[in-house]
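Structure record follows, encoded as structure tokens.
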Number of protein chains: 2
Amino acid sequence: MAQSSPEARYRTQAFAQLAGVTVRTLHHYDRLGLLRAKRSSNGYRLYHAGDLERLERISALKFLGVPLAHIGRILDGRPASLSEELAAQRRALREKRRLLDIALSAIEEAEAGILDGKPTAVLLRRIIQAITMQDNTGWMMQYYSPAAQAKIAERAASFTAEMQAEISQAWRQYFRDLNALEREGDQDGKRAAELAQRHRELIAAFTGDDPEIESGLAALYRDRANWPTEMQEKLAEYENPDVQTT
Amino acid sequence: MAQSSPEARYRTQAFAQLAGVTVRTLHHYDRLGLLRAKRSSNGYRLYHAGDLERLERISALKFLGVPLAHIGRILDGRPASLSEELAAQRRALREKRRLLDIALSAIEEAEAGILDGKPTAVLLRRIIQAITMQDNTGWMMQYYSPAAQAKIAERAASFTAEMQAEISQAWRQYFRDLNALEREGDQDGKRAAELAQRHRELIAAFTGDDPEIESGLAALYRDRANWPTEMQEKLAEYENPDVQTT
DNA sequence: TTGAACCCTGACGTGACGTGAGGGTCAAGA
DNA sequence: TCTTGACCCTCACGTCACGTCAGGGTTCAA
């Protein structure tokens with residue numbers, strides 16, 4: 001094993017190998033001021049043992065997804081910024097993992113179709129369905145009776161991609177307008193009334209006046225206290241009394 | 001609801017809203033040749049219903065993490081490329097999720113320390129330990145007796161960051177040299193003998209000649225058939241008979 | 001006819017480096 | 001002494017999927 005003295009100085013490559021990073025990374029951190037190296041008389045960078053500790057902290061925070069600019073503030077600035085950054089990263093990573101799990105299950109779903117020799121178009125359709133179902137509505141399906149689920153799937157299959165896109169566009173637009181209304185306030189209640197009308201139309205277009213689908217939707221809304229967290233947040237918008245039309 | 005005819009043409013913004021992407025994204029895909037738009041006489045892009053289907057496929061594959069250049073080949077090229085791409089993405093996403101889980105548990109571990117009012121330095125040390133433990137050796141610890149685990153932790157705590165870095169650098173270098181040896185072959189067996197010697201030294205440095213640690217290490221190696229998949233692959237390098245010194 | 005709301009094409013910015021290009025430094029061997 | 005090779009340095013452009021202006025044209029309703 002190599003012997004180390006407390007005054008050991010390393011040049012760039014040696015220090016990079018010691019820490020398990022590349023030379024270019026050290027150049028980068030040096031220029032950013034994140035890990036400044038001393039210079040020898042010929043201009044070479046010189047690192048010592050104390051720099052290693054700082055570099056390990058940088059690498060650890062980078063592993064958590066913290067941007068380099070924030071890492072600088074954490075290591076040099078006020079200590080509270082660490083806990084704020086950790087909380088922010090935890091939320092961001094949770095969301096990333098949620099999307100990642102959706103992607104993985106979509107892939108696995110599609111790969112099951114490959115074994116049957118399905119053509120590319122069918123596999124792509126499976127992937128799209130797996131993503132949209134899991135991402136938005138998958139957890140909702142448990143509220144519908146099997147008969148209602150079958151009807152929903154049948155209606156969805158009978159739509160063209162264009163029609164489906166128009167429907168989800170209308171929902172997106174509805175939520176955008178609802179958000180805008182909450183931000184800007186409503187002077188005369190006309191905009192709220194118009195939004196409520198659009199909401200009724202969207203609901204009607206979804207149920208297609210089918211009583212089985214309507215009863216499932218009602219059950220879904222009654223149990224809103226148990227929705228997933230990210231839906232709970234969107235639910236707050238519904239709590240506007242002008243829009244409680246369900 | 002908006003009515004749609006089969007010959008509906010959309011200009012850029014309308015089509016972007018319909019599909020839930022930005023105008024800039026459509027420009028980008030147009031320039032890449034990924035989704036080419038027709039042009040009206042005044043140079044405006046015109047999209048129609050068939051483009052929407054292609055765009056949805058593009059968005060779905062992008063969601064899975066497939067780079068745009070590959071998406072073009074999948075949608076235009078031979079159909080087998082889809083299944084290859086899916087398999088590659090599945091591996092990549094699994095690895096991402098593994099690292100993401102490590103990061104998340106490291107954050108939660110550190111946040112538990114925040115409640116106790118620990119200073120930043122202690123929290124950072126916890127994060128680094130959580131990462132390195134989970135990433136490399138966490139699953140190994142089950143093979144060691146509680147007494148051996150305590151001794152390992154004690155020895156680790158007594159090392160400076162510099163010494164620990166030198167040890168892991170030596171291991172990294174060992175694996176690099178081992179890989180190089182396998183690629184390039186060994187003419188006279190001298191390099192293999194030298195590597196085997198380094199391996200013995202690294203093992204001895206780890207156990208510190210402690211019999212409890214040594215017996216745990218032996219148990220770990222005996223049970224190598226049950227190691228995690230990513231370690232199984234690294235194990236293949238050990239199967240070189242020159243290096244079976246454990 | 002004027003303004004709002006569209007449309008277009010460049011072209012630079014983002015983040016964390018990778019990857020050369022072009023040139024200097026230094027110790028060991030011929 | 002010269003050369004070779006292994007280091008070192010500083011630009012500066014490339015990556016990836018767009019975001020974000022800047023500068024200028026088109027269309028439609030009031």
Side-chain angles (χ1 to χ4, degrees), chain A residues 9-47 51 55 57-75 85 88-89 92-93 96 99 103 173 176, chain B residues 9-47 51 55 57-75 85 88-89 92-93 96 99 103 173 176:
Chain A
R9 309 284 143 154
Y10 303 91
R11 293 197 308 194
T12 310
Q13 194 178 48
F15 189 68
Q17 287 180 1
L18 184 64
V21 303
T22 68
V23 172
R24 182 64 176 93
T25 298
L26 293 177
H27 286 177
H28 191 53
Y29 294 171
D30 198 359
R31 187 191 302 256
L32 292 185
L34 199 53
L35 181 66
R36 270 157 298 220
K38 287 172 185 161
R39 300 301 182 112
S40 67
S41 58
N42 54 17
Y44 289 10
R45 289 177 179 80
L46 286 182
Y47 295 89
D51 295 328
L55 180 54
R57 292 173 176 188
I58 293 169
S59 300
L61 290 172
K62 187 166 73 69
F63 183 84
L64 302 185
V66 180
L68 296 184
H70 294 200
I71 293 177
R73 281 175 232 151
I74 290 172
L75 295 184
E85 200 63 49
Q89 278 306 310
L93 295 186
K96 270 194 188 176
L99 298 177
Q173 188 60 50
R176 266 201 299 274
Chain B
R9 310 283 143 153
Y10 303 91
R11 293 197 308 195
T12 310
Q13 194 178 48
F15 190 68
Q17 286 181 2
L18 184 63
V21 302
T22 68
V23 171
R24 183 64 176 90
T25 299
L26 293 178
H27 287 175
H28 192 51
Y29 294 172
D30 198 358
R31 188 190 301 255
L32 291 185
L34 199 52
L35 180 66
R36 270 158 298 222
K38 287 173 185 160
R39 299 302 181 112
S40 66
S41 57
N42 54 20
Y44 287 12
R45 289 178 179 81
L46 288 182
Y47 295 90
D51 294 329
L55 180 54
R57 292 175 175 187
I58 292 169
S59 299
L61 290 172
K62 186 165 73 68
F63 183 84
L64 302 184
V66 180
L68 296 184
H70 293 200
I71 292 177
R73 281 176 232 150
I74 290 173
L75 294 184
E85 199 64 48
Q89 277 306 308
L93 294 186
K96 271 193 186 175
L99 298 177
Q173 188 61 50
R176 267 201 298 273

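Here is the naming used below: chain letters follow the sequence lines, and residue numbers restart at 1 for every chain. Fair warning: this is a prediction, and the values are worked out from it, not measured in the lab.
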*asked:* For Gly33(B), is there any backbone N or O sitting under 3.5 Å from a side-chain donor or acceptor partner on Arg36(B)?
replied: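 It does hold such a pair.
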
*Heavy atoms only: give me the nearest Ala37(A)-Leu46(A) pair and the separation to one decimal.*
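That would be CB-O, 3.9 Å.
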
_So which atom in Lys62(B) and which in Leu68(B) form the shortest heavy-atom distance, rounded to 0.1 Å?_
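Heavy atoms of Lys62(B) and Leu68(B) come nearest at CD-CD2, 4.0 Å.
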
*Could you list where the contact with chain B starts and ends along DNA chain D, reading 5' to 3', using a 4.0 Å heavy-atom cut-off?*
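It runs dA17(D) to dT27(D).
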
*For Arg11(A), what residues pass the salt bridge (charged side-chain N to carboxylate O under 4.0 Å, His left out) criterion, not counting sequence neighbours?*
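Expected list: none.
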
Would you indicate whether the side-chain heavy atoms of [Y] and [X] approach each other to under 4.5 Å?
X: His27(B); Y: Thr12(B); result: yes
X: Leu55(B); Y: Tyr47(B); result: no
X: Asp51(A); Y: Tyr29(A); result: no
X: Glu85(B); Y: Leu64(B); result: no

*With a 4.0 angstrom cut-off to heavy atoms of chain A, pull out the first and last contacting nucleotide of DNA chain C, in 5'-to-3' order.*
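With heavy atoms of chain A under 4.0 Å away, the range is dA16(C) to dC26(C).
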
*asked:* Once side-chain contact (heavy atoms from CB on, under 4.5 Å) is applied, do any residues pair with Arg39(B), and if so which ones, sequence neighbours excluded?
replied: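 Arg39(B): side-chain contact (heavy atoms from CB on, under 4.5 Å) contacts with Asp30(B), Arg45(B).
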
*asked:* Nearest 0.5 angstrom please: Leu35(A) CG to Phe15(A) CZ, how far?
replied: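 Spacing of CG (Leu35(A)) from CZ (Phe15(A)) equals 6.0 Å.
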
_Axis-to-axis angle between the two ends of the helix from dT1(C)-dA30(D) to dA30(C)-dT1(D) (five base pairs per end, rounded to 10 degrees)_ =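 Both end axes considered, the difference amounts to 30°.
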
*asked:* Please list, in numerical order, the residues of residues 19-36 of chain A that have a heavy atom closer than 4.0 Å to any atom of DNA chain C.
replied: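 Nucleic-acid contacts, sorted: Thr22(A), Arg24(A), Thr25(A), His28(A), Tyr29(A).
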
